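A quick note: this is a predicted structure, and the numbers were derived from the prediction, not measured. First the proteins, then the strands, lettered A, B, ... as listed; each starts at 1. Just so it is clear, the values below take in all heavy atoms, side chains as well, and ignore hydrogens, waters and symmetry mates.
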Number of protein chains: 2
Amino acid sequence: MADAAKQFTQQAGRAVAVRRRDAHGTKSKLLQAALRAFTTQGYEASSTRNIETTAGVKRGLISYHFGTKQALWEAVADHIMQVAERELSAAVRGAADADTDARARLRHFVKAYVFFCARHPELHRLMIQEGNTHDWRLDWLLERSVRGWYVEVCRLFDEALLLGVAPAMNAHHFYYILTGAATLMFANAAEAQALGQQNPLDARSVAEHADALANLFLSGESQ
Amino acid sequence: MADAAKQFTQQAGRAVAVRRRDAHGTKSKLLQAALRAFTTQGYEASSTRNIETTAGVKRGLISYHFGTKQALWEAVADHIMQVAERELSAAVRGAADADTDARARLRHFVKAYVFFCARHPELHRLMIQEGNTHDWRLDWLLERSVRGWYVEVCRLFDEALLLGVAPAMNAHHFYYILTGAATLMFANAAEAQALGQQNPLDARSVAEHADALANLFLSGESQ
DNA sequence: AGAGTAACTTGTCAACTGACAAGTAATTGG
DNA sequence: CCAATTACTTGTCAGTTGACAAGTTACTCT
């Protein structure tokens with residue numbers, strides 16, 4: 001039958017079955033499938049066998065490449081958090097550099113954050129899966145990445161507050177208002193699609209969301 | 001051993017073991033336990049046996065009282081949606097009645113909505129568990145309750161927009177900004193507690209969140 | 001070419017899961 | 001007080017799950 005581990009190459013005009021072995025490719029396919037499973041179904045509901053099947057690889061390969069299900073989850077979380085750290089720190093630097101106006105900086109930051117959330121809805125699906133119960137996975141996420149990001153957002157907000165361009169509120173509430181408002185439509189994309197009759201992840205929808213949220217945080221004065 | 005199905009009553013000065021049978025109480029305990037399981041772990045990750053154990057009842061009683069796991073989920077969802085419909089329609093009526101000023105009405109509505117979200121974090125945990133994949137559970141939730149609420153919120157927002165008291169944006173984006181901003185801190189209570197070192201569900205925190213969000217939506221003019 | 005290693009494959013296990021059948025015990029209605 | 005009904009209890013089954021052991025195969029290095 002169709003065996004993904006085999007491919008055919010032309011050799012002297014004759015098709016020859018060649019069995020490929022590609023540890024990196026296998027790990028990568030498993031990571032992708034596991035990312036989708038863990039973020040949409042949660043850790044316990046995701047079975048290693050089903051992840052292997054959707055990745056299109058044979059049964060024992062999670063054990064071989066990652067050891068345990070927990071180690072696979074950590075590899076997935078580590079991968080996604082690396083991406084987040086890279087892109088978010090770029091967004092923060094972008095906001096800080098480009099504009100001298102404090103209002104423009106805050107606007108730039110909010111919009112960049114919304115675009116990031118639309119690009120990686122899996123990240124917030126993961127936070128939402130793990131954020132309601134205090135277990136080893138939440139601890140892992142908090143200490144690995146989330147707490148640092150939280151502190152950074154609070155710092156940025158307090159700075160904007162001092163400069164009089166942010167709405168008066170506690171930074172903690174700002175963090176959850178910004179994060180919730182920026183992510184829910186993308187994290188709950190299936191629901192948003194059914195309610196709004198348009199794909200919430202398409203470019204126009206994302207841009208509208210970013211504008212709406214940036215305007216909301218900056219409606220205090222001159223606009 | 002300690003059997004919850006037995007209690008002791010004083011009868012003519014003698015303690016007599018009486019086995020109580022209380023179908024309503026049993027169903028209610030199962031609904032509570034299932035609500036917690038389905039909203040925090042998701043449908044697939046929740047096992048009927050574990051729900052029975054945490055409810056403190058014997059093994060076969062979900063089969064007996066509800067038939068199947070799917071029927072139990074529907075009973076849970078139906079129960080929570082009934083509560084939501086009752087309390088939310090009261091909040092909408094409260095906002096419409098009390099105040100003649102359009103700004104005060106919008107403020108009243110936003111604050112009442114935040115208080116509702118803090119009172120029932122399970123509801124949005126359920127929406128978050130089910131909102132990312134289009135399956136029979138999302139369809140059930142949408143057609144049973146969510147679509148009606150969405151239409152109502154959009155109507156309220158468009159009304160406020162016409163009266164010039166709402167920030168300029170599309171009603172669809174308003175729905176997800178309001179819902180996300182109002183719910184995330186309570187739905188992810190464990191994370192918020194770890195980051196903010198205070199219980200996000202306590203009265204002061206909830207009131208602050210409600211004020212912050214109401215001010216945000218009403219910062220356009222006179223405040 | 002032949003040894004050694006990395007990559008993959010398959011078999012097996014104990015524990016868990018949802019469902020249902022076949023019981024037993026408490027309550028109710030007559 | 002008896003019969004019917006409701007509420008609960010227990011046994012069993014087929015399918016799934018995570019883990020690991022024992023293989024087999026492809027590739028590399030010399």
Side-chain angles (χ1 to χ4, degrees), chain A residues 1-9 11 16-31 33-34 37-38 40-76 135-137, chain B residues 1-9 11 16-31 33-34 37-38 40-76 135-137:
Chain A
M1 327 312 171
D3 187 346
K6 285 177 185 164
Q7 74 175 22
F8 293 88
T9 46
Q11 196 171 22
V16 179
V18 175
R19 186 164 287 225
R20 296 253 282 108
R21 309 203 333 173
D22 175 12
H24 184 269
T26 302
K27 283 186 78 165
S28 170
K29 282 190 283 185
L30 281 170
L31 276 174
F38 287 144
T40 59
Q41 304 161 217
Y43 181 78
E44 300 292 350
S46 303
S47 83
T48 55
R49 280 167 141 97
N50 184 59
I51 290 169
E52 288 165 335
T53 302
T54 62
V57 305
K58 288 276 187 174
R59 208 191 67 207
L61 287 175
I62 286 177
S63 272
Y64 178 69
H65 285 290
F66 298 94
T68 63
K69 186 183 181 185
Q70 170 165 353
L72 174 62
W73 183 91
E74 285 170 2
V76 165
D135 55 13
W136 61 270
R137 275 163 279 140
Chain B
M1 324 312 170
D3 187 347
K6 285 178 185 163
Q7 74 175 21
F8 292 88
T9 47
Q11 197 171 23
V16 179
V18 175
R19 185 164 290 222
R20 295 252 282 109
R21 308 205 330 170
D22 175 12
H24 184 270
T26 302
K27 283 185 78 164
S28 171
K29 281 189 282 185
L30 281 170
L31 276 176
F38 286 143
T40 59
Q41 303 162 218
Y43 180 78
E44 300 293 349
S46 302
S47 83
T48 53
R49 281 169 142 97
N50 185 58
I51 290 169
E52 289 166 333
T53 303
T54 61
V57 306
K58 288 276 188 175
R59 208 191 66 209
L61 287 175
I62 286 177
S63 273
Y64 178 71
H65 285 289
F66 298 94
T68 63
K69 187 183 178 182
Q70 170 166 353
L72 174 62
W73 183 89
E74 284 168 3
V76 165
D135 56 13
W136 61 270
R137 274 162 278 138

Hey, is the side chain of [X] poking within less than 4.0 Å of OP1 or OP2 on [N], counting only N and O atoms?
| X | N | value |
| --- | --- | --- |
| B/Thr26 | D/dA7 | no |
| A/His65 | C/dA6 | no |
| B/Tyr64 | D/dC8 | no |
| A/Lys69 | D/dG18 | yes |
| A/His24 | C/dA7 | no |

Which heavy atom of [X] sits nearest a heavy atom of [Y], and at what distance?
| X | Y | answer |
| --- | --- | --- |
| B/Ala45 | A/Glu44 | CB-CB, 3.7 Å |
| B/Ala23 | B/His65 | CB-CE1, 3.8 Å |
| A/Ala33 | A/Ile51 | CB-O, 3.7 Å |
| B/Gly60 | B/Glu52 | C-OE2, 3.6 Å |
| B/Phe66 | B/Ala71 | O-CB, 3.1 Å |

What is the separation between atom [atom1] on [X] and atom [atom2] on [N], rounded to the nearest whole Å?
| X | N | atom1 | atom2 | result |
| --- | --- | --- | --- | --- |
| B/Leu30 | D/dT9 | CG | P | 11 Å |
| A/Phe38 | D/dG18 | CZ | C1' | 12 Å |
| B/Asp22 | C/dT28 | CG | P | 11 Å |
| B/Ile62 | D/dC8 | CD1 | C1' | 14 Å |
| A/Lys29 | C/dA7 | NZ | C1' | 13 Å |
| A/Lys27 | C/dA6 | NZ | C1' | 13 Å |
| B/Leu61 | D/dT10 | CG | C1' | 11 Å |
| B/Lys58 | D/dT10 | NZ | C1' | 9 Å |

Quick one: does any side-chain atom of A/Tyr43 pair with a main-chain N or O of A/Gln70 as donor and acceptor, under 3.5 Å?
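Yes: the side chain of A/Tyr43 pairs with the backbone of A/Gln70.
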
Can you tell me which nucleotide in C/dT12, D/dT12, D/dA7 comes closest to the side chain of A/Arg59?
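When the side chain of A/Arg59 is considered, C/dT12 is the closest of C/dT12, D/dT12, D/dA7.
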
Would you mind telling me which of D/dT9, D/dC20, C/dT27 lies closest to the side-chain atoms of B/Arg21?
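From the listed options, C/dT27 comes nearest.
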
Go through residues 42-52 of chain A and report each residue with a non-hydrogen atom lying under 4.0 Å from DNA chain D, sorted by number.
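Output list: A/Ser46, A/Ser47, A/Thr48, A/Arg49.
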
Under the side-chain contact (heavy atoms from CB on, under 4.5 Å) criterion, do A/Trp136 and A/Glu74 qualify, and how do the steps go?
CA-CA 11 Å; A/Trp136 61 270; A/Glu74 285 170 2; 4.1 Å; yes

